[in-house]
Amino acid sequence: MRTAGRTALTGILGLGLALTTVSPAAAAHHLTDGTSVELIARHSGKCADVVSASTADGAEVGQYTCNDGLNQLWRIRDLGNGYVQLAARHSGKCLDVSGASAADNAAVIQWSCSSRTNQQWKIENTGAGHTRLMARHSGKCLEVPGASTANGTRLRQQTCGTGTNQQWELNTVSNPAIPGLFADPNIVRFGDTYYLYATTDGFAGWSGTQFRAFSSKDLVNWTDHGVILDVDSDIAWADNSAWAPGIAEKNGKYYFYFSAGRASGDTRKHLGVAVADSPTGPFRDALGKPLVPAGSYAGQMIDPAVFTDADGRSYLYWGQGSSHQVPLNSDMVSFNSSQVRTYRPANYNEGSFVARRGNTYYFMWSENDTRSEDYRVAYATGSSPTGPWSNRVGTILQKDLSQGIKATGHHSVVQVPGTDQWYIAYHRFAIPNGDGTHRETMIDRLYFNADGSIRPVVPTIDGVDPI
Ligand code: FUB
């Protein structure tokens, strides 16, 4: 089965695994730590499936018609020793040979992930787009017994052979776009490359200090360029709360706007700007002080975003509680405070972002609290980068509980140049067990209606196809 955002993988790169061949398809779809895959049995075309989507230790794993369920998606964890763990996305539990048995026909189940070798699998390329999965403790292979094609047949380990019932296609999905916990994504295109910048998540009170950069040519395969700014070590006036970056390029320099503050004392957030000669840094503080100090305007000085218009003029947007909007001076690190316009659309919370299509400017924002499953994105329109803006037109993006997708917000939008193809990057609660400080970054398609209104985005588990 192949649905949008799912890409067959015929070899493995980046995991240091023993492979006999690497096909062009593999080169196009790197499988890296954190990638999620379907495991599709070659003889039957069916998916490895945690029976009844159970989250219990010991739940059996069978084959079942592929159905896009999270209990058929397995997140790869590269152990760095030639082996991987495969964790079911609905439960977070690992593919495991029951009782660490070394016998033929031992049952394959899910179990809480541990360091035991009966949860470690070697991925061997058998050619023609397929792999064998060999358990480390036994050297035996994952198989569908009797080459059955029936739904529900339980998986076993068996002495490795050449049967197609021991051969698996690894079908990658592209969401989350970047593996790990990241929120508030800012997606941009510089030259022929897309970049993602985000809040590094997973810290109580959003107390992370580092920003990373990721790049991609196709919106599916992302390269991690590592830490580009650490507010604790690189910014004199902050040591905490590295949140919600936005970036823009001018005359070959890259300006990186971010919110940050201190962990103790006056913990209010300020808006800073750092500069670099490359989109992947290293960035240094451009001013040695905040661009917009706490208290300058109503609400919190957080969530910067930049829009650059067709005439090359860039505009800065920020604010929680109110959206402040101003043209940047040509130095990109100052603005005329008399030009700041402040808006507070109905339900506005944070995450201002502006895009232009034709002569219409779209002002978008996030509503509700990022810890609420109702965190969502709405928009208004206008005829200039700073409004005046219409009343709230509608909701662009919201939870989809039928897929277990909650708290979709703090987004950004990018257009493929010369086309009417648009993509939205946003975060949602991690699956499974996410919350307001454990969020993942998604990319999905965004479409406009003929009248210029934005069609509600369908948030997907799979993500997008490579462009
Ligand atoms: O990630 C920290 C904060 O959470 C951001 O600044 C807000 O937009 C919310 O997503």
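Bear in mind that the values here come from a model prediction, so they are computed numbers and not experimental data. Both counts, for ligands and for their atoms, begin at 1 and track the order of listing.
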No-hydrogen, no-angle side-chain donor-acceptor test under 3.5 Å, Thr209 and Asp230: yes
In ligand 1, which numbered atoms sit nearer than 4.0 Å to a non-hydrogen atom of [X]?
{"X": "Thr199", "value": "1 (O)"}
{"X": "His427", "value": "10 (O)"}
{"X": "Thr370", "value": "4 (O), 9 (C), 10 (O)"}

Minimum side-chain heavy-atom gap Phe283-Phe211 below 4.5 Å: no
Per-residue contact class, Tyr375 against ligand 1 - non-hydrogen pairs under 4.0 Å: side chain
For ligand 1, the portion of Gln320 having any non-hydrogen atom under 4.0 Å away: neither
Pair Glu440-Arg75, salt bridge (Lys or Arg N to Asp or Glu O under 4.0 Å): steps then yes or no: CA-CA 14 Å; Glu440 295 174 318; Arg75 198 192 300 270; 3.2 Å; yes
Give me the residue, atom name and distance of the protein heavy atom closest to [atom].
{"atom": "atom 6 (O) of ligand 1", "answer": "Asp303 OD1, 2.5 Å"}
{"atom": "atom 7 (C) of ligand 1", "answer": "Glu350 OE2, 3.4 Å"}
{"atom": "atom 10 (O) of ligand 1", "answer": "Asp184 OD1, 2.6 Å"}
{"atom": "atom 4 (O) of ligand 1", "answer": "Arg439 NH1, 3.2 Å"}

Indicate yes or no: does [X] engage [Y] in a salt bridge with an N to O separation below 4.0 Å.
{"X": "Asp311", "Y": "Arg313", "answer": "no"}
{"X": "Asp420", "Y": "Arg357", "answer": "yes"}
{"X": "Lys399", "Y": "Asp374", "answer": "yes"}

Distance-only N or O hit between ligand 1 and Trp206, under 3.5 Å: no
Ring-face cation of Arg439 near Phe182 (centre distance under 6.0 Å, axis angle within 45°): no
